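Step one of this worksheet: look at the structure below.
Just so it is clear, the structure is predicted and the values come from calculations on it, not from any experiment.
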Amino acid sequence: MRHLSVEMLAAGSQPDPITSAGNAQLGIAALVGIAVIVLLITRFKLHAFLALTVGSLVLGAVAAAPLDKAISSFTTGLGDTVSGVGVLIALGAILGKLLADSGGADQIVDTILARASRRTIPWAMALIAGIVGLPMFFEVGLVLLIPVVLLVAKRGNYSVMRVGIPALAGLSVMHGLIPPHPGPLVAIDAIGANLGVTLALGLVVGIPTLVVAGPLFGKVAARWVDTTPPEGVVPERASTELDKRPGFGITLATVLLPVVLMLAKALTDIVIDDTENTVQRVMDVVGDPMIALLVAVLVAMFTLGRSAGFTKDRLSSTVGSSLGPIAGILLIVGAGGGFKQTLVDVGIGQMILDLSQDWSIPALLLGWLIAVGIRLATGSATVATVSAAGLVAPLAADMSTAQAALVVLAVGAGSLFFSHVNDAGFWLVKEYFGMNVGQTIKSWSVMETIISVVALVLLLLLSLVV
């Protein structure tokens with residue numbers, strides 16, 4: 001059997017299907033596979049890694065693929081996905097942990113809030129969340145910002161929704177659209193898009209999306225939902241136990257360093273466009289995502305860790321403790337890649353390619369719709385991104401660099417659509433803000449949907465000019 005590597009997928013190559021099933025059977029197989037995953041996660045509370053593994057095997061069986069070939073497809077997809085983004089996820093986790101434990105994140109928060117007026121506080125919260133959320137996973141950023149949101153709401157006599165929604169929107173936009181978060185990285189890897197261009201366009205789309213879903217929708221959410229957060233759920237801020245912490249300027253520079261390096265590489269590729277040019281060769285190395293993040297981590301050990309008075313043992317402990325929590329994320333991302341590979345290898349990727357041509361559905365819209373469907377079914381933005389990116393990758397084979405980046409962002413936008421009861425983030429927000437299910441849907445779920453739809457509209461408009 002000829003396996004489908006990430007590079008082949010990005011180039012638009014299709015493997016020889018491991019089954020001779022027709023389109024009807026393949027469609028049923030895809031639906032059954034997704035249904036099994038949803039049932040195992042929601043009804044039986046099985047871990048997403050195990051659910052994706054079982055769902056992939058069920059998919060292969062219903063599609064009449066030989067079991068050994070279905071297993072091989074799954075393991076190949078898992079390995080390709082983890083090898084493509086595993087190191088990047090680990091480096092991002094280390095950088096986020098250093099930012100949090102050193103008090104650097106608190107320094108950014110306190111400095112911006114000190115300069116904000118009552119009228120601009122919601123905008124300041126969106127800015128803080130955007131900066132802090134850049135190197136951090138959503139859940140980590142949420143836990144970090146919850147004390148700030150509740151403290152600002154209490155001291156300034158604000159509605160919790162008025163300051164909380166902008167913070168949640170900032171974290172969510174970063175999570176769904178901006179590398180180095182796992183979802184966008186996996187989509188870039190699968191589709192073969194340029195990371196720097198995707199990052200630049202992600203910021204172009206993400207900033208106005210954040211404005212609409214954050215400060216503007218926050219006004220509406222404050223009228224819809226009146227909540228009092230429960231006592232005792234707020235974690236202590238990291239810097240309360242520190243004698244000193246890094247300054248605002250150096251912290252901000254450290255957080256933005258990998259972004260600047262990756263954007264510089266993209267700009268160099270556009271301006272010079274000569275693989276033999278020394279400057280471009282240097283930027284190809286320095287702006288590579290792994291090198292950019294590695295440089296940022298090494299710099300952060302000094303600018304953040306040492307500035308906070310960390311000893312060598314404390315630095316080592318901080319780095320080590322950042323890696324444990326991402327084990328589950330890596331396994332879920334890898335299993336999502338395995339499920340995606342099984343979908344493609346049994347012929348569903350080609351089926352979608354054929355259907356999209358018959359129905360004249362733009363790849364950008366198709367990627368968004370597939371991601372929305374998987375997001376609603378599984379509750380996982382990352383699983384939705386991984387699966388949808390793999391399925392629409394062949395459609396992006398002949399696209400320009402900018403168009404391929406827009407497809408990546410469309411998949412990321414679709415993966416955020418309407419978080420509900422099968423999403424762990426839904427319950428995290430509900431408990432921290434002391435809301436019931438209905439209130440969480442009217443605030444958090446609607447906010448996620450606004451992000452997804454506004455981003456799609458902006459992407460469609462951008463596709464007309466790039």
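- A side chain to side chain contact (heavy atoms under 4.5 Å, CB included) with L304 is found for one member of V297, T251, V255 and no other, namely T251.
- No donor-acceptor pair under 3.5 Å is formed between the side chain of T120 and the backbone N or O of W123.
- Using a 4.5 Å heavy-atom cutoff, the side chains of L364 and W368 are not in contact.
- Side chain of H420 to backbone of L376: a donor-acceptor contact under 3.5 angstrom is found.
- Taking a 6.0 Å sphere around CZ of R118, one finds it holds more than 12 heavy atoms contributed by other residues, nucleotides or ligands.
- The main-chain N or O of D80 is found under 3.5 Å from a side-chain atom of S83 such that the two form a donor-acceptor pair.
- In terms of heavy-atom proximity, A388 sits nearest to G367 at CB-O, 4.0 Å.
- Closest of all the heavy-atom pairs between S387 and F339 is OG-CD2, 3.7 Å.
- Taking 4.5 Å as the limit, every side-chain heavy atom of V87 sits out of range of all side-chain heavy atoms of L294.
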Start with the C-alpha gap between K265 and N194, add the side-chain angles, then the distance that decides, and say whether side-chain contact (heavy atoms from CB on, under 4.5 Å) holds. CA-CA 10 Å; K265 176 188 179 300; N194 181 284; 4.3 Å; yes
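- Annotation: D226, atom CG; neighbour count of heavy atoms from other residues, nucleotides and ligands within 6.0 Å does not exceed 12.
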Are V205 and L201 close enough, and set up right, to give a side-chain contact (heavy atoms from CB on, under 4.5 Å), and what steps lead you there? CA-CA 6 Å; V205 172; L201 292 176; 5.5 Å; no
side-chain contact (heavy atoms from CB on, under 4.5 Å) between T268 and D284, worked out: CA-CA 9 Å; T268 303; D284 283 344; over 6 Å; no
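- With hydrogens and angles ignored, the 3.5 Å screen pairs no side-chain donor or acceptor of T111 with any backbone N or O of I108.
- Atom CG of L456 and atom CG of L365 lie 6.5 Å apart (nearest 0.5 Å).
- Here the closest non-hydrogen pair linking I112 and A124 is CG2-CB, 3.9 Å.
- Residues I121 and V163 meet the side-chain proximity criterion, which asks for heavy atoms closer than 4.5 Å.
- To the nearest 0.5 Å, the span separating OG1 on T209 from CG on L459 amounts to 7.5 Å.
- With F310 as the aromatic partner, R314 meets the cation-pi criteria of under 6.0 angstrom to the ring centre and within 45 degrees of the ring axis.
- Using modelled atom types, one side-chain atom of T342 and one backbone atom of G338 make a donor-acceptor pair closer than 3.5 Å.
- The CG atom of L95 lies 8.0 Å from the OG1 atom of T254; values are rounded to the nearest 0.5 Å.
- The distance from atom CG of L343 to atom CD1 of I374, rounded to the nearest 0.5 Å, is 7.0 Å.
- Of all non-hydrogen atoms in P179 and L185, the two that sit nearest each other are CB-CD2, 4.1 Å.
- Between S419 and R375 there is a side-chain heavy-atom pair separated by less than 4.5 Å.
- Between A308 and P246, the shortest heavy-atom contact is CB-CD, 4.3 Å.
- Of the candidates L216, V173, V454, V211 forms a side chain to side chain contact (heavy atoms under 4.5 Å, CB included) with just one, namely L216.
- Smallest separation of non-hydrogen atoms from M435 and S443: SD-OG, 3.4 Å.
- For the pair V225/F433, no side-chain contact is recorded, criterion being any heavy-atom separation below 4.5 Å from C-beta on.
- The distance from the CD1 atom of I332 to the CD1 atom of I326 is 12.0 Å, given to the nearest 0.5 Å.
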Where do R306 and L315 land on the side-chain contact (heavy atoms from CB on, under 4.5 Å) test, with the steps shown first? CA-CA 8 Å; R306 288 305 177 92; L315 274 174; 3.8 Å; yes
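- Separation of atoms CG (L261) and CD1 (I291) is listed at 10.5 Å; rounding is to 0.5 Å.
- Side-chain N or O atoms of E448 include none that pairs as donor or acceptor with a backbone N or O of S445 at under 3.5 Å.
- Looking at S463, its side chain does come within 3.5 Å of a backbone N or O of L460 through a donor-acceptor pair.
- A donor-acceptor pair under 3.5 Å is formed between the side chain of T227 and the backbone N or O of G434.
- Of the possible donor and acceptor atoms, one in the side chain of Q403 sits under 3.5 Å from a partner among the backbone N and O of V466.
- Considering only heavy atoms from C-beta on, V295 stays 4.5 Å or farther from V286 through its side chain.
- Using a 4.5 Å heavy-atom threshold, the side chains of V319 and K97 count as separate.
- Between the side chain of S452 and the backbone N or O of T449, no donor-acceptor pair lies under 3.5 Å.
- Between W444 and F138, the angle of the ring planes lies from 30° to 60°, which puts this pair in the tilted group.
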